[in-house]
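The structure appears below as structure tokens.
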Amino acid sequence: MKMGFSLAWLSGVALCAVLLAPQARAADGEARAVIKSLDRALLSSELAGRVTSLPRRAGDAFKKGDLLVALDCDLYQAQAAKVAAEHKAARLKMENAQQMKELRAIGALDVSLAESEFAQTQAALRIAQLNAERCTIRAPWPGRVVAVHVKPYENVRQQQELIEIINDRQFEAEIVVPANWMRWLKPGTPLKLRVDETGTTASAKVTAITPAIDAVSQTVVLRAALVDGSQLIPGMSATAVFNLPPAP
């Protein structure tokens with residue numbers, strides 16, 4: 001009986017310690033956080049074709065506008081050249097019709113038909129040019145490659161996933177804090193982040209507080225922008241340290 005009571009008592013003490021630990025940390029102005037990137041994208045092919053160039057591999061850095069993936073564009077370029085020739089012929093035909101109308105050699109209907117044909121070829125040329133431009137995928141912002149899902153000379157289909165990239169220069173922290181901190185927390189509140197994986201400390205400030213409170217845990221999620229995230233990687237965990245206001 002005594003041993004059973006002792007075990008039950010010890011289990012109760014351990015459970016209380018677990019439940020009170022978050023409260024103790026909150027009392028110290030500390031909360032858990034996860035580092036996230038503001039920009040992360042999984043780029044897909046807008047066209048079906050063969051991969052001709054894949055200059056970046058996983059982990060490689062790139063600048064904004066750098067080539068990430070190139071597809072065989074000979075067919076689309078040929079189509080664009082064909083439509084450009086038709087567009088030029090339609091323009092000459094329209095200009096000739098306008099001149100003939102001034103000489104009263106043709107009526108207004110013939111001119112309208114020539115102008116309509118010119119407008120159609122102009123639209124077709126724009127479509128052909130867009131298809132040709134989609135043969136190359138360039139970086140929308142500076143960052144690093146997370147994963148490459150294809151290999152050079154593979155044939156890809158439309159909407160197939162090609163490469164995943166991330167912006168490694170703009171980070172934010174997602175922090176879970178007690179809901180009663182909303183009494184003094186506001187956008188612009190400064191804080192420090194102690195990163196678990198590296199042991200380093202980064203400065204941040206609150207940018208937004210979610211407008212919903214978890215009814216079970218009585219916590220709220222906030223976002224904080226990092227002043228310098230050069231040594232960080234998305235997915236790192238950290239402890240957010242706030243300066244608590246003096247007790248009333």
Side-chain angles (χ1 to χ4, degrees), residues 25-26 29-46 51 53-71 130 133-150 159-179 181-182 184-214 217 219-244:
R25 293 173 63 86
E30 296 183 356
R32 294 301 295 166
V34 176
I35 308 300
K36 295 187 175 183
S37 174
L38 290 177
D39 299 306
R40 184 166 185 162
L42 181 55
L43 305 181
S44 303
S45 173
E46 295 185 80
V51 178
S53 180
L54 202 62
R56 299 293 191 281
R57 301 176 64 185
D60 288 349
F62 54 82
K63 299 177 182 178
K64 181 179 179 179
D66 282 354
L67 178 68
L68 299 178
V69 183
L71 303 178
L130 286 174
E133 292 172 0
R134 288 169 180 164
C135 294
T136 57
I137 298 177
R138 298 189 176 276
W141 20 253
R144 290 183 179 273
V145 177
V146 176
V148 180
H149 300 287
V150 293
Q159 300 304 323
Q160 181 175 338
E161 296 175 354
L162 302 179
I163 188 170
E164 185 176 2
I165 59 174
I166 196 167
N167 188 335
D168 63 346
R169 300 186 183 183
Q170 293 185 333
F171 293 98
E172 67 177 8
E174 190 173 276
I175 310 169
V176 180
V177 301
W181 283 14
M182 295 181 67
W184 53 270
L185 268 180
K186 61 182 180 179
T189 301
L191 64 133
K192 295 288 186 181
L193 290 169
R194 294 200 304 263
V195 183
D196 297 346
E197 289 79 3
T198 62
T200 57
T201 301
S203 299
K205 63 179 179 179
V206 176
T207 55
I209 303 173
T210 56
I213 297 175
D214 186 280
S217 63
T219 58
V220 65
V221 178
L222 59 85
R223 301 195 337 261
L226 278 76
V227 177
D228 181 16
S230 58
Q231 303 298 322
L232 301 178
I233 297 175
M236 284 182 168
S237 55
T239 299
V241 183
F242 294 85
N243 293 322
L244 293 178

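Remark: side-chain polar atoms of Ser45 are not paired, donor with acceptor, to backbone N or O of Gln159 under 3.5 angstrom. Of the possible polar contacts, one joining the Glu197 side chain to the Ser237 backbone as a donor-acceptor pair under 3.5 Å is found. Under the 3.5 Å distance criterion, the side-chain polar atoms of Ser37 are left unmatched by any main-chain donor or acceptor of Ile166. Using a distance-only test at 3.5 Å, with no hydrogens or angles considered, no donor-acceptor pair links the side chain of Arg138 to the main chain of Leu68. In this structure, the side chain of Arg223 does not engage the main chain of Ala208 through any donor-acceptor pair within 3.5 Å.
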**Message:** Test side-chain contact (heavy atoms from CB on, under 4.5 Å) on Asp39 and Arg169; report intermediate values, then the result.
**Reply:** CA-CA 9 Å; Asp39 299 306; Arg169 300 186 183 183; over 6 Å; no
**Test log, rule side-chain contact (heavy atoms from CB on, under 4.5 Å), inputs Ile165 and Arg144** = CA-CA 6 Å; Ile165 59 174; Arg144 290 183 179 273; over 6 Å; no
**Test salt bridge (Lys or Arg N to Asp or Glu O under 4.0 Å) applied to Asp168 and Arg40, step by step** = CA-CA 9 Å; Asp168 63 346; Arg40 184 166 185 162; over 6 Å; no
**Message:** Does Glu46 form a side-chain contact (heavy atoms from CB on, under 4.5 Å) with Leu130? I'd like the steps, not just the answer.
**Reply:** CA-CA 11 Å; Glu46 295 185 80; Leu130 286 174; over 6 Å; no
**Item:** Derivation and outcome, side-chain contact (heavy atoms from CB on, under 4.5 Å), residues Leu244 and Trp181
**Value:** CA-CA 9 Å; Leu244 293 178; Trp181 283 14; 4.1 Å; yes
**Request:** Please step through salt bridge (Lys or Arg N to Asp or Glu O under 4.0 Å) for the pair Arg56 and Asp66, ending with a clear verdict.
**Result:** CA-CA 10 Å; Arg56 299 293 191 281; Asp66 282 354; 3.0 Å; yes
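Here Ile175 contributes atom CD1 and Leu222 contributes atom CG; the two are 5.0 Å apart, rounded to the nearest 0.5 Å. Remark: Leu38 CG to Glu172 CD distance equals 4.5 Å, nearest 0.5 Å. In this structure, CD1 in Ile209 is found 5.0 Å from CG in Leu185, a value given to the nearest 0.5 Å. In this structure, the separation between CD1 on Ile163 and CD1 on Ile137 is 8.5 Å, given to the nearest 0.5 Å. One distance of note links CZ of Phe242 with NZ of Lys192; it measures 12.5 Å at 0.5 Å rounding.
Minimum heavy-atom separation, Leu193 to Ala204: CD1-CB, 4.2 Å. Looking at every heavy atom in both residues, Met236 comes nearest to Thr198 through CE-CG2, 3.8 Å. Across all their heavy atoms, Leu191 and Ala240 have their closest contact at CD1-CB, 3.8 Å. Closest approach of Asn243 to Trp184, counting heavy atoms only: O-CZ3, 4.2 Å. Looking at every heavy atom in both residues, Ile213 comes nearest to Ala179 through CG2-CB, 3.7 Å. Shown here for Phe171 and Leu232, the closest heavy-atom pair between the two residues is CZ-O, 3.6 Å.
Residues Glu174 and Lys36 are paired through a salt bridge, judged by an N-O separation under 4.0 Å between the basic side chain and the carboxylate.
No side-chain heavy atom of Val206 sits less than 4.5 Å from a side-chain heavy atom of Lys186. A heavy-atom distance below 4.5 Å is not found between the side chains of His149 and Leu162. Taking the side chain as every heavy atom from C-beta outward, Leu43 and Val69 never approach each other to under 4.5 Å. Between Leu67 and Ser53, some side-chain heavy-atom pair lies under the 4.5 Å cut-off.
Looking at Asp214 and Thr219, their side chains never bring a donor and an acceptor atom within 3.5 Å of each other. Between the side chains of Thr189 and Lys205, not a single donor N or O lies within less than 3.5 Å of an accepting N or O.
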